[in-house]
Each structure stands twice: as C-alpha cells, then as structure tokens.
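Here's the structure we're looking at; comments come further down.
Both ligands and their constituent atoms are indexed starting at 1 by order of listing.
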Amino acid sequence: MGDGEARGRGAELGARLAAGDRSAAPAALNLLETRTAREGAAALVSAAGEGAGHVIGITGPPGVGKSTLLSALLHEWRSRGLAVAVLAVDPSSKRSGGALLGDRARIEHDPADRDVFIRSMAAGERLGGLAPATRAAAQALANAFDVVVIETVGVGQSETDVAEAADTVAVVVQPASGDALQFLKAGIMEVPDVLVVTKADLGAPARRAEEDLRAALGALGADAPVLTVSAIAPTQGIAALADALATHGENRDRVRVRRLGALADFVHEHGERGLRALGGRRAAVRWLAEQDESLDEPTLYGLLERRNQPNG
Ligand SMILES: Nc1nc2c(ncn2[C@@H]2O[C@H](COP(=O)(O)OP(=O)(O)OP(=O)(O)O)[C@@H](O)[C@H]2O)c(=O)[nH]1
Ligand SMILES: [Mg+2]
C-alpha cells in the first residue's frame, strides 16, 4: 500500500468507527498494527477522534483470573445491551508485529455476536507497558463500542501505562497472595480506581484479602471500592462490579490524561511526519485544548514535551 492509499483507507475506517460502525473494527486494528502503514494509522486516529465509550483497564498478575472475569463481565454487559471490545495485551509478544490470538484471549463469548470484538495485541517495551497501537485502538474503538477493555498483565509497576490509556483502572487481586497489599503499603502501586478480589468461591482467603485491602486503603486515606467476586459458575458479585466500574466511569477524570497520552505516544511513534497527518503539532495541541477547556496550550505543550523524553 502506498502512503496515499493507506491514508485514504485509514480515513475511511476512522470515519466508519466515528459513525459507530462496529464492522470496521477488525480492519481498523489490522491497519493500526501494520508498522509499514504509518500514514494510514495516523489518518485513522485523526478521523476517528476520541470516542465516548468507557475505556477500562483490567490488570493483575498472570493467572489471577482476568480473562475468566472478563467472560463473566462480558455476559453482564451484554445483558445490559452494551457493545463491548476487549484488547488483550500479550506480554510475550513485544512489538514483533501482531500478537497471536492465543491463550491470553481465553474469553468466552458468542462468536456470532456482532456487538462483541476481542483482539489480542502485542505489548509495549516495558513490563506492563502498552504498545502505542493499543492506546490508539482503544481510543478509536471507544467511538463504536460502549465499553472498551484493555487487559494487561502486571501488578504494582507504578510505570504501568494502562492508567494513562483508560478512564477507569481495576486491579485484580489473588486471594492470599498479599502482593497487591504489600505494593499498596509500600507505595509501589498507585491506588487503582477499583480493586477486585477474585475467586471468592475459595472462601476464607478471599474474605481475608478483602479485609486486608480495605484496611490498607483506609490507612492510606483512599476510598477505592474493593469488590469480591467469583467469575466461575455460579458467579458472584459480577453485577455489583459492573456497577462500580460504571459509577467510576461517570466521573471521567482520566479522559484528559487519556487523550494527552494518546497524542504524545503518537508523536513519539510517528515523529513529526505522523503529526503532520494530524495537521501539525500546533493543530493537534489546539484541538486538545478545545476538547478540554481546563487545559491551556502552554500546559499541553509542556506535558507533551515531558512525555516525549526518552524513557520518560
Ligand atoms: N476457583 C476459581 N477459579 C478461577 C476463578 N477465576 C478464574 N479462575 C481460574 O484461574 C485460572 C486462570 O484464569 P485466567 O482467567 O486465564 O487468568 P488470567 O489472569 O487471564 O491469566 P493470564 O491471561 O495468563 O495472565 C483458570 O484456571 C481459571 O479457571 C474464580 O473465580 N474461581
Ligand atoms: Mg488472560
């Protein structure tokens, strides 16, 4: 594909997503993940803009039960009539171009359901890191899906990117592991928006984990909700968790950060050439300032520069 052709394709896919056309999702993701179609990706991001859907980051250690939990949440969201996209970030596939749709995406769903889209994506460079394509994909998909989930592995890495890409971050905690508790107490882990103790069917360890987390949060003066759920049948607490996530999402404090993160990533990845596809740095900053009157242009430039420092 030549640059011009890729740009046309990206603009078309972005416009379809912006119009709520969910059938554009697979092709849009293919384009965003194609490293040789940068102009196309830029045009897509620009045409799609910032979607109104709720972007939720679900993170936790390997094997804690994130995918099983998502299967249960998916069922709950679908019963509420919400369209859902899931981006499962594969930590074993670092920027090698396209994660294999393998074990990471063991999320049960009806493959014929057009209102569900599930995709495995390559991870970014750092542990818990997101590839710029994932961030861009979440933002673009939020136009056509009511809920967009980014599932990542990791807990306690304060450098995790998911907080910058999502409106709401939920950390899933293994009963009796104590990891999250120690990370919270030590200040290694930022207090997430929602804490989820899973495997409630294990009984006492799950209850204890919930109590310990509540106590730790209280000591930190934080009031993040802690929910205990069981994601295997018969499920428990799933509706309450969906409610807690939605309640947090209604106060979209993070949207501002999300938008800024997406732009900064984009600049970092695509350089000035990619930025020109958005109409240049000035135009991009002006657009951001228009979206959010609490951010003035000097502040945006400052944040943009800071995010684009190497390793910053
Ligand atoms: N008893 C019980 N087991 C669970 C529950 N949720 C998940 N599991 C089990 O935990 C194991 C791991 O679940 P996954 O959902 O694959 O975990 P994950 O966090 O997505 O794993 P990775 O994607 O590999 O990091 C599986 O054997 C699940 O059946 C639960 O609520 N109760
Ligand atoms: Mg998983």
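Both the backbone and the side chain of Thr68 come within contact range of ligand 1, each with a heavy atom under 4.0 Å. Counting heavy atoms closer than 4.0 Å to ligand 1, residue Val153 contributes side-chain atoms (C-beta onward) but none from N, CA, C or O. Contact annotation for Thr198 and ligand 1: only side-chain heavy atoms (C-beta onward) come within less than 4.0 Å of the ligand.
The N/O atoms of Val229, backbone and side chain alike, include none that comes under 3.5 Å of an N/O atom in ligand 1. At under 3.5 Å, not a single nitrogen or oxygen of Leu69, backbone or side chain, sits near a nitrogen or oxygen of ligand 1. Checked by distance only, ligand 1 and Ala231 come closer than 3.5 Å through their nitrogen or oxygen atoms.
The shortest side-chain heavy-atom distance between Met121 and Glu33 falls under the 4.5 Å cut-off. No side-chain heavy atom of Val173 sits less than 4.5 Å from a side-chain heavy atom of Leu181. Annotation: side chain of Leu245 is not in contact with side chain of Val147 (no heavy-atom distance under 4.5 Å).
The Mg ion (ligand 2) forms the vertex of an angle spanning OE2 of Glu151 and OG of Ser67; to the nearest 10 degrees it equals 80°.
Of the listed options Leu70, Val197, Asp201, Ile58, Asp201 places a heavy atom closest to atom 1 (N) of ligand 1. For atom 17 (O) of ligand 1, the nearest non-hydrogen atom from the set Pro175, Gly65, Ala206 belongs to Gly65. The option from Ser67, Gly237, Pro61, Pro62 that lies nearest to atom 20 (O) of ligand 1, judged by heavy atoms, is Ser67.
By the neighbour-count criterion of 12 heavy atoms within 6.0 Å, atom CZ of Arg207 is sparsely surrounded, having that number or fewer from other residues, nucleotides or ligands.
Val197 and Leu202 fall into different hydrophobic clusters, where Ile, Leu, Val, Met, Phe, Trp and Tyr are joined by side-chain heavy atoms under 4.5 Å apart, directly or via other members. Each of Val64 and Ile232 belongs to its own hydrophobic cluster when Ile, Leu, Val, Met, Phe, Trp and Tyr are linked at side-chain heavy-atom distances under 4.5 angstrom.
Rounded to the nearest 0.5 Å, atoms CG (Asp115) and CZ (Arg22) are 4.0 Å apart.
Residue contacts with ligand 1 include Gly63, since one or more of its heavy atoms lies under 4.0 Å from the ligand.
Listed by number with element, the atoms of ligand 1 under 4.0 angstrom from any heavy atom of Glu151 are 20 (O), 23 (O). Set against the non-hydrogen atoms of Ser230, the atoms of ligand 1 under 4.0 Å away are 31 (O).
Remark: Arg9 engages Glu12 in a salt bridge, criterion side-chain N to carboxylate O under 4.0 Å.
A donor-acceptor pair shorter than 3.5 Å can be found between the side chains of Asn30 and Arg119.
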